[in-house]
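Have a look at the structure below, then the notes.
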Amino acid sequence: MTKKFSQQRDLFESERSFRLLVEGVADYALYMLDPKGIVTSWNIGGERIKGYSPEEILGQHFSRFYTETDRANGKPARALGIAREKGRYEEEGWRVRKDGTFFWASVVIDPIYEDGTLIGFAKITRDITERRNSQLKLEAMQKQLAESQKFDALGQLTGGVAHDFNNLLMIISGSLHILKKNAADDPKLERATSAIETATKRGAALTNQLLTFARRQSVNPQAIDFAERVAAIREVLLAGVGSSVRLAFDIQSDTWPIKADVSEFETALLNLVINARDAMPEGGTVTVRARNVVLNETPLAGDFVAIDVADSGLGIPSDVLDKIFEPFFTTKPIGKGTGLGLSQVHGFAHQAGGTVKVASELGKGTTFTIVLPRGIDAPSREATGAAFRGSGTVLLVEDNPDVALVSIGLLEQLGYQVRRVADAEAALREIESNGVDFVFSDIVMPGKMDGLSLAHRLRQIRPGLPILLATGYSEVAAGVRGDFPILRKPYEIHELSEAIAKLPR
Ligand SMILES: Nc1ncnc2c1ncn2[C@@H]1O[C@H](COP(=O)(O)OP(=O)(O)O)[C@@H](O)[C@H]1O
Ligand SMILES: [Mg+2]
């Protein structure tokens, strides 16, 4: 019994345990190749990851783990070449299991030398498909987050601008009313006022699109029957596409009602149809489709209606695709495009609790899909606003003196006596000391109490007193939806009259 014997035994033991270790590792395929790439050893990890038993794989060439394309391109031989030249080969890529399925592999190949001669390669392969998938998912989520932050920032900016604009338009359109009365017998004045009127309406429409994009439009979601709505605005859509483009409909008869704001919905549809027309200068067909979809995605889960507006036009280049929903982004010549159409569509779809998607192929065409939540209530008919002449005293709560002047003018034209105060506290005092028949208040006001708090307060202390709120935009308005009627600024006299007529008394 010598030292030598015990050394040999130790060596034998350690080799044995090393082999057991390698063979038993299940998370890595650890195996040897001979210098030509023939598999000479195999472990349980190899069997688990790639699906071959040792009997099946020993003696086979390792190129069978590669995809057909990689094999055709000579990738396996190249890998061995690099390992030999550089002392190591490392890569991530697709590999093929015995059953033909792919997995994303992390691969390391080391050349093994004995006395200076290459005797083969040690190969380590890991299946990192899951890691890669979660990495990709994470990247997608980060992209989505960045996207939504971008839209939030843009929304804040545009929302602020649009709000101020609306107050200006309110003054213009209101004052116009007074001018128009005097212009009746002067054709020149009449032309001028009607030009102002048209421009104001256009301005209001644009600000409206901006507000929608900023999701600060006070909306009134209701159940909409798609087919019925489309029939109602068919003429407008036809005028939108013009004569060289055909408009086709493919609406499933069992399409659920949609829950959204009607006028925003119509604007969005028109925006998409007009874009489709612009994309087909040579003519073509715009197809409007509607179908039910059940989604199981975050954040969209449940019953939805998907509305496609598809054209066979120019398509959208991929570097443009990222920007099309941004306000003021347009590829159209000055005077033709405002860059607000898709911004409106985007804001509308999201505020309605849905989304908008786009698929486009250059030269083939583009399909925009608006996904909107299913509406549950039966479609309701819009109340008709008959001409209405009022009487009584209204308390106007408005901080902006110019807007107040205009509103007083409109209210007086409708036959009301108007008392005006500049803030909510003054309004409460006024109501205490003198009775009024109803209150018409702006929502956003300086001071401790805004129009909304005033309305809630009045509901407590004067439950029978009708209240009408007005706003250029308001995020608060979304919160009170249904609690109090809200009039959108800028409003015209007939809209004011209708809103007052509808007040519960
Ligand atoms: N159906 C479409 N086909 C091709 N490009 C489109 C389509 N719809 C929108 N686009 C692109 O998106 C841009 C922004 O559209 P939009 O916001 O409606 O503004 P505008 O129509 O005023 O340019 C367009 O200028 C155009 O480049
Ligand atoms: Mg457009």
Side-chain angles (χ1 to χ4, degrees), residues 1-139 142:
M1 275 297 274
T2 62
K3 207 172 162 197
K4 194 167 171 219
F5 179 74
S6 101
Q7 269 178 347
Q8 266 182 348
R9 201 191 52 195
D10 284 354
L11 190 62
F12 177 76
E13 277 301 313
S14 95
E15 268 181 8
R16 196 176 100 90
S17 58
F18 182 68
R19 206 175 52 242
L20 283 176
L21 172 73
V22 168
E23 280 173 358
V25 169
D27 289 337
Y28 294 76
L30 292 175
Y31 56 98
M32 291 283 295
L33 305 176
D34 75 3
K36 291 210 181 78
I38 302 293
V39 179
T40 57
S41 81
W42 196 240
N43 78 335
I44 186 83
E47 185 161 355
R48 199 184 63 88
I49 295 173
K50 306 198 188 203
Y52 298 96
S53 66
E55 300 77 53
E56 289 169 317
I57 201 66
L58 290 174
Q60 301 288 331
H61 198 263
F62 86 115
S63 59
R64 68 165 52 211
F65 305 137
Y66 285 73
T67 65
E68 225 170 276
T69 331
D70 284 350
R71 275 205 303 272
N73 292 333
K75 196 169 174 186
R78 219 165 36 246
L80 295 187
I82 293 171
R84 207 161 34 209
E85 273 164 35
K86 303 237 160 95
R88 168 165 265 221
Y89 175 82
E90 257 180 289
E91 193 222 358
E92 283 188 11
W94 289 113
R95 292 294 184 273
V96 187
R97 297 192 186 93
K98 182 186 160 191
D99 64 6
T101 56
F102 285 29
F103 66 100
W104 188 258
S106 150
V107 177
V108 179
I109 307 178
D110 285 304
I112 308 287
Y113 295 94
E114 201 173 51
D115 304 326
T117 328
L118 181 79
I119 57 160
F121 298 91
K123 205 162 172 276
I124 308 175
T125 304
R126 255 184 319 152
D127 178 352
I128 55 167
T129 315
E130 264 171 43
R131 200 179 78 190
R132 178 169 188 267
N133 285 348
S134 45
Q135 179 70 26
L136 290 178
K137 221 188 222 158
L138 185 68
E139 279 165 18
Q142 280 167 338

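FYI, the numbering just counts along the sequence from 1.
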### Message
With a 4.5 Å cut-off on side-chain heavy atoms, are Val39 and Leu33 touching?
### Response
yes
### Message
Check for me whether Arg95 meets the cation-pi criterion with Tyr66, that is, NZ or CZ under 6.0 Å from the six-membered ring centre and within 45 degrees of the ring axis.
### Response
yes
### Salt bridge present between Lys75 and Glu91 (N-O < 4.0 angstrom)
yes
### Summary
Minimal heavy-atom distance between Pro111 and Leu118, with the atoms involved, is CB-CD1, 3.7 Å
### Task
Could you tell me whether the side chains of Thr101 and Asp99 share a donor-acceptor contact shorter than 3.5 Å?
yes
### Message
Tell me if the CD atom of Glu130 is crowded by more than 12 foreign heavy atoms within 6.0 Å.
### Response
no
### Task
Starting from the C-alpha separation in whole Å, work towards a yes-or-no answer on side chain to side chain contact (heavy atoms under 4.5 Å, CB included) for Ile119 and Tyr113.
CA-CA 6 Å; Ile119 57 160; Tyr113 295 94; over 6 Å; no
### Message
Can you tell me how far apart CG (Asp34) and CD1 (Ile112) are? Round to the nearest 0.5 Å.
### Response
13.0 Å
### Summary
In terms of heavy-atom contacts, Pro76 and Phe62 come closest through O-CZ, 3.5 Å
### Task
Kindly check if the number of other-residue, nucleotide or ligand heavy atoms within 6.0 Å of OH (Tyr28) is above 12?
no
### Salt-bridge present (Arg132, Glu92; N to O < 4.0 Å)
no
### Message
Check this for me, if you would: do Asp110 and Lys123 make a salt bridge, where the nitrogen-to-carboxylate-oxygen distance has to be below 4.0 angstrom?
### Response
no
### Query
What pair of heavy atoms forms the shortest contact from Thr129 to Trp104, and how long is it?
OG1-N, 2.9 Å
### Task
State whether Asp127 and Arg97 are salt-bridged, where the test is any N-O pair (Lys NZ or Arg NE/NH1/NH2 against Asp/Glu carboxylate O) under 4.0 Å.
yes
### Query
What do the steps show when you test Arg64 against Gln60 for side chain to side chain donor-acceptor pair (under 3.5 Å), and what is the final call?
CA-CA 8 Å; Arg64 68 165 52 211; Gln60 301 288 331; 2.9 Å; yes
### Query
Under 3.5 Å, side chain of Asn43 to main-chain N/O of Leu30, donor-acceptor pair present?
yes
### Message
Return the CD to OG distance between Glu68 and Ser63, rounded to the nearest 0.5 Å.
### Response
11.5 Å
### Query
Considering all heavy atoms of both residues, which atom of Ala83 and which atom of Ile109 are nearest to each other, and what is their separation?
CB-O, 3.8 Å
### Query
What's the verdict on side chain to side chain contact (heavy atoms under 4.5 Å, CB included) for Thr69 and Trp94, showing C-alpha distance, side-chain angles and the deciding distance?
CA-CA 11 Å; Thr69 331; Trp94 289 113; over 6 Å; no
### Query
Glu90 pairs by side-chain contact (heavy atoms from CB on, under 4.5 Å) with which of Val107, Ile82, Val108?
Val108
### Min side-chain heavy-atom separation Leu80-Phe121 under 4.5 Å
yes
### Message
What's the separation between atom CG in Asn133 and atom CG in Leu138, rounded to the nearest 0.5 Å?
### Response
12.5 Å
## Note on the structure
Separation between CZ (Arg126) and CD1 (Ile49), nearest 0.5 Å, reads 9.0 Å
### Query
What's the shortest heavy-atom distance between Val25 and Ile44, and which atoms?
O-CG2, 3.2 Å
### Query
Considering all heavy atoms of both residues, which atom of Tyr52 and which atom of Trp42 are nearest to each other, and what is their separation?
O-NE1, 2.9 Å
### Task
Measure from NZ or CZ of Lys50 to the centre of the six-membered ring of Phe65, then state whether that distance is under 6.0 Å and the direction lies within 45° of the axis.
yes
### Query
Any sub-3.5 Å donor-acceptor pair from Ser41's side-chain atoms to Met32's backbone N or O?
yes
